[in-house]
Amino acid sequence: MKTTNNSEFTYLFRNSAPYINAFRGRTFVIVFSGDALLDDAFDNLVHDFALLHSLGIRLVLVHGARPQIEQRLALFGVDVNYANNIRITDDTALQCVKDAVGSTRCEIEALLSMGLANSPMAGARLRVVSGNFVTAKPYGVRDGIDYLHTGEIRRIDNDAITDLLDRGNIVLLSPIAYSPTGEIFNVTAESVASNTAVALHADKLIYLTEKLLLQDNNQTIRELSLKATKQYLATNDTLYPHTRNILQSAAQVCENGVHRVHIVNRNTDGALLQELFTRDGIGTLISVDEYEGTRAAKIEDVPGILELIKPMEQLGILVRRSRERLEMEISNFVVVERDGMIVACAASYTFDETDIAELACLAVHSDYQDQGRGETLLNYIENTARQNNIKQLFVLSTRTMHWFQERGFSTADINTLPIKRKTLYNYQRNSKVFIKSL
Ligand code: ARG
């Protein structure tokens with residue numbers, strides 16, 4: 001964050017407030033593994049859940065219980081039995097599942113009962129409700145393997161859950177489900193979460209995981225559109241099975257109406273809050289559409305563009321443009337929009353009876369510099385220009401010459417400008433002319 005220390009709070013608060021506002025009354029399904037519970041940092045996480053609830057977010061929490069189940073199986077001295085990363089639940093295992101899930105749920109309820117301890121909200125009661133909201137059927141026999149009491153989700157009682165959320169409860173779901181004939185099934189927490197998110201038309205499904213999605217350079221993948229997610233799955237065949245499952249179900253829930261799926265590393269303290277309340281987040285966001293996009297500007301973008309170019313006008317890097325002028329010329333502009341904020345813009349102007357165009361007002365927000373957005377805009381404008389049979393692009397610049405030179409522009413004489421532009425040339429400003437053949 002490029003701010004000085006004492007204004008950091010103000011900066012952060014101003015930037016998170018729009019998200020606080022947007023999330024009020026929204027439904028989030030959050031799923032975490034049984035390992036998360038064993039961690040000392042789990043208290044912090046529960047504290048953050050309470051915080052989300054206090055901001056008016058409708059919360060459905062889904063917990064796993066794998067290590068807790070395994071601990072109990074070990075006491076019985078029986079082997080842990082998985083096929084394709086799915087538990088084969090025999091009678092003993094089911095006994096362990098019931099025990100483990102029951103006690104895990106108690107522990108989470110106890111922690112949530114503390115509410116926002118040591119804050120002005122201490123003593124505010126949080127109500128947590130669990131119940132028989134998930135119906136399952138047997139997973140069955142697959143490839144000759146009988147999965148016994150392992151189940152597959154059949155139905156989520158979304159009316160019951162919605163009703164409870166409407167009344168201000170937090171709903172806690174476990175990796176266990178029932179059948180109409182009274183059977184008990186062991187199901188995965190992930191399948192409970194994804195089915196619930198779809199059934200409730202949740203706004204977000206959030207996976208708190210051990211690992212993040214990495215790209216080749218070991219950097220976290222920050223954003224994936226639905227299309228990119230499918231491509232990623234098709235081209236990466238060495239993914240951990242768990243990661244693959246999460247991505248597959250992320251794509252599926254997105255296709256079924258959940259707007260955003262987030263993958264957040266639970267081992268980073270505060271990661272959940274950072275992901276939710278900052279524009280750039282910290283985890284991976286999977287959404288139907290691109291999170292950030294380059295497009296032609298619309299009249300509604302005028303305030304955003306004005307805000308973006310103001311600092312550069314003040315520094316004299318860009319020529320001052322009035323709101324009226326910008327409104328008139330808005331069709332010349334191209335913008336990069338990131339979650340409702342204009343983070344970069346550029347304009348291009350053509351001149352009658354010439355095949356030369358001007359690139360102008362190229363600006364990138366200071367928080368988003370050196371990440372290729374200027375380039376994206378330049379490419380966009382070059383491509384549109386080519387489509388319109390423009391043969392040359394010129395730019396007038398006083399400071400950023402190198403940037404243009406590195407991208408194929410070379411210095412030119414003022415006389416190369418179209419006459420109309422030449423008459424407008426500001427000799428006092430004494431900008432240099434750079435030109436590029438397309
Ligand atoms: N805070 C916003 C949200 O919750 C944006 C998060 C962006 N995250 C990312 N990994 N790019 O929707």
Side-chain angles (χ1 to χ4, degrees), residues 1-2 8 11-32 45 48-49 51-61 193-194 197 200-215 217-229 231-233 243 246-247 249-251 253-254 257-294 304 336-344 364-365 367-373 376:
M1 217 68 53
K2 293 187 190 98
E8 202 160 1
Y11 178 88
L12 290 173
F13 196 72
R14 282 189 182 139
N15 281 285
S16 56
Y19 287 110
I20 296 178
N21 186 51
F23 294 161
R24 196 174 302 119
R26 302 285 168 166
T27 306
F28 294 1
V29 176
I30 306 181
V31 53
F32 48 92
L45 200 57
D48 293 345
F49 294 155
L51 190 69
L52 297 183
H53 174 77
S54 77
L55 294 175
I57 295 168
R58 297 151 64 87
L59 275 190
V60 178
L61 304 177
S194 57
L200 290 177
H201 307 295
D203 298 279
K204 288 185 189 295
L205 168 60
I206 303 167
Y207 291 96
L208 295 172
T209 60
E210 310 299 311
K211 290 193 186 66
L212 282 174
L213 279 192
L214 299 179
Q215 47 198 17
N217 58 5
N218 259 353
Q219 300 266 40
T220 308
I221 299 181
R222 308 305 318 286
E223 285 127 32
L224 283 176
S225 64
L226 182 54
K227 200 169 131 211
T229 308
Q231 252 160 23
Y232 186 83
L233 280 165
T243 309
I246 286 184
L247 276 183
S249 72
V253 301
C254 277
V258 177
H259 298 297
R260 289 184 177 180
V261 178
H262 302 257
I263 302 175
V264 178
N265 187 343
R266 68 156 184 92
N267 295 306
T268 308
D269 185 37
L272 179 61
L273 300 182
Q274 206 175 321
E275 176 65 15
L276 291 175
F277 298 108
T278 62
R279 173 167 296 104
D280 296 327
I282 187 178
T284 303
L285 167 68
I286 297 163
S287 51
V288 180
D289 304 313
E290 302 273 357
Y291 185 62
E292 177 177 318
T294 307
V336 178
E337 180 189 327
R338 187 166 171 79
D339 212 17
M341 177 181 173
I342 305 297
V343 295
V364 180
H365 190 281
D367 284 353
Y368 295 97
Q369 259 154 29
D370 301 324
Q371 295 166 11
R373 288 177 181 89
T376 307

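Note that the numbering runs from 1 along the sequence shown for the chain. When a ligand or atom number is given, it counts from 1 through the structure's own listing order. FYI, side chains are in, hydrogens and waters are out, and symmetry mates aren't considered; it's all heavy atoms of this structure.
Summarising the geometry, atom OG belonging to Ser287 is positioned 11.5 Å from atom CD belonging to Glu292; distances are rounded to the nearest 0.5 Å. Put simply, OG1 on Thr243 and CD1 on Ile263 are 8.0 Å apart, with the number rounded to the nearest 0.5 Å. To the nearest 0.5 Å, the span separating CZ on Arg58 from CG on Asp203 amounts to 9.0 Å. Atom CD1 of Ile206 is separated from atom CG of Leu52 by 7.0 Å, given to the nearest 0.5 angstrom.
Checked by distance only, ligand 1 and Arg222 come closer than 3.5 Å through their nitrogen or oxygen atoms.
When non-hydrogen atoms are compared, ligand 1 lies under 4.0 Å from the backbone of Glu275 as well as from its side chain.
Protein heavy atom in closest approach to atom 12 (O) of ligand 1: Arg260 NH1, 2.5 Å. In this structure, atom 2 (C) of ligand 1 lies nearest to the protein heavy atom Tyr19 CE2, 3.5 Å.
For the pairing with Asp367, the side chain to side chain contact (heavy atoms under 4.5 Å, CB included) check across Gln369, His365, Gln371 returns one residue only, His365.
For Arg222, the CZ atom is densely surrounded, since the number of other residues' heavy atoms within 6.0 Å is greater than 12.
The Phe23 neighbourhood of ligand 1 comprises atoms 3 (C), 4 (O), with distances under 4.0 Å to a heavy atom of that residue. In summary, the atoms of ligand 1 found under 4.0 Å from a heavy atom of Glu223, numbered by their order in the structure, are 11 (N). Atoms of ligand 1 found under 4.0 Å from any heavy atom of Tyr291, numbered from 1 in the order shown, are 5 (C), 6 (C), 7 (C). Within the listing of ligand 1, atoms 10 (N) sit less than 4.0 angstrom from a heavy atom of Gly283. Atoms of ligand 1 found under 4.0 Å from any heavy atom of Lys204 (numbered from 1 in listed order, with element): 3 (C), 4 (O), 12 (O).
Salt-bridge formation is detected for the pair Arg338/Asp280: a Lys NZ or Arg NE/NH1/NH2 atom is positioned less than 4.0 Å from an Asp or Glu carboxylate oxygen.
Scanning His262, Gln274, Arg279 for the heavy atom closest to atom 7 (C) of ligand 1 points to Arg279.
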